[in-house]
Amino acid sequence: MKRGLKIALVQLAVGSDKAKNVAAAVQEIHKAKEKGAQLVALPECFNSPYGTKYFEEYAEEVPSGETSRALSKAAAEAGVCVVGGTVPERCGSRLYNTCAVWDSNGKLLAQHRKIHLFDIDIPNKITFKESEVLSPGDQLTTFQFNGIKIGLGICYDLRFCEMAHIMAKEGCSLLIYPGAFNMTTGPKHWQLLARARAVDNQLWVALVSPARDQTASYVAWGHSLLVDPWGAVTGQLEHVPDALHATIDLNTVEEVRSQIPIRMQRRTDIYDTVKKSKQ
Ligand SMILES: *[C@@H]1O[C@H](CO)[C@@H](O)[C@H](O)[C@H]1NC(C)=O
């Protein structure tokens with residue numbers, strides 16, 4: 001029997017009108033359900049333009065804020081699991097870049113705060129410091145839906161192979177990363193990193209980007225995609241608003257893991273990757 005989870009990766013156009021951004025996400029959740037999706041994933045920063053100067057204004061609490069309430073309601077009404085991309089989350093005096101997941105009854109199932117903040121400062125070239133306004137999360141996040149364990153990461157988290165490896169060790173068959181690579185790193189690394197995480201860990205990897213907006217202050221690469229546990233790209237969007245529908249087949253996970261038994265043959269007597277608990 002083919003065991004599968006039908007997913008939709010929704011590459012939304014994001015503008016400066018927060019209410020419009022959220023309404024568009026809700027509409028796409030219902031559309032995806034009509035096409036058969038059981039899980040709908042949204043892009044990074046889908047209710048706000050991407051950039052440190054916007055986060056304070058667009059931030060809201062999770063799960064009490066307006067975006068959370070809208071997604072929870074949409075998840076329940078459509079009867080789908082919603083992996084709510086990311087929003088700037090306000091918690092006390094701090095802001096986080098946060099992905100909230102809603103189950104098909106609208107209940108909060110998981111909440112991942114981006115753990116690796118992207119900071120660079122190359123004199124006379126580019127300065128971009130997320131840590132000026134954001135705080136980093138301090139834990140890994142996995143959840144279970146329809147019998148499949150799913151791990152979450154956000155954008156830059158994708159570059160850290162240990163994080164993906166630990167989520168795989170904990171039983172994940174699918175990793176979902178809302179992300180927004182730029183016009184330099186997108187063509188160079190977006191697909192390569194997705195395939196690397198997939199082939200190293202023998203699981204499905206989904207990346208969900210906002211659509212490209214040439215007029216935005218941060219221009220996203222787009223090209224949301226799905227990679228199977230063999231490392232093959234099974235579907236990829238262009239840069240325009242669109243949705244990618246696919247079935248996550250668990251048989252492929254087992255097939256790859258039995259044919260290439262790296263999970264059993266690691267030399268943990270010589271090296272290991274371990275999770276530390278942070279108090
Ligand atoms: C994108 O990010 C890279 C890595 O930080 C940076 O070197 C590059 O200048 C950025 N490109 C654009 C087009 O913003």
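Ligands are counted one by one from 1 in listed order, and the atoms in each one are counted from 1 as well. We number each residue from 1, following the sequence as shown. Everything numeric here is computed off the predicted structure, so don't read it as measured data.
- For T86 and N97, the side-chain atoms include at least one donor-acceptor pair closer than 3.5 Å.
- When T185, N182, T184 are checked for heavy-atom proximity to atom 10 (C) of ligand 1, N182 turns out nearest.
- A donor atom on one side chain and an acceptor atom on the other are found under 3.5 Å apart for N47 and T67.
- Within the listing of ligand 1, atoms 5 (O) sit less than 4.0 angstrom from a heavy atom of F118.
- In this structure the side chain of T273 reaches within 4.5 angstrom of the side chain of R266, judged on heavy atoms.
- In this structure, F181 has no heavy atom closer than 4.0 Å to ligand 1.
- Among all non-hydrogen protein atoms, the one lying nearest atom 5 (O) of ligand 1 is I120 CD1, 3.0 Å.
- Contact check on E89 versus R94 returns no salt bridge, with no Lys/Arg side-chain nitrogen under 4.0 Å from an Asp/Glu carboxylate oxygen.
- Atom 7 (O) of ligand 1 has its closest protein heavy atom at I126 CG2, 4.4 Å.
- Side chains of T52 and E132: no donor on one and acceptor on the other come within 3.5 Å.
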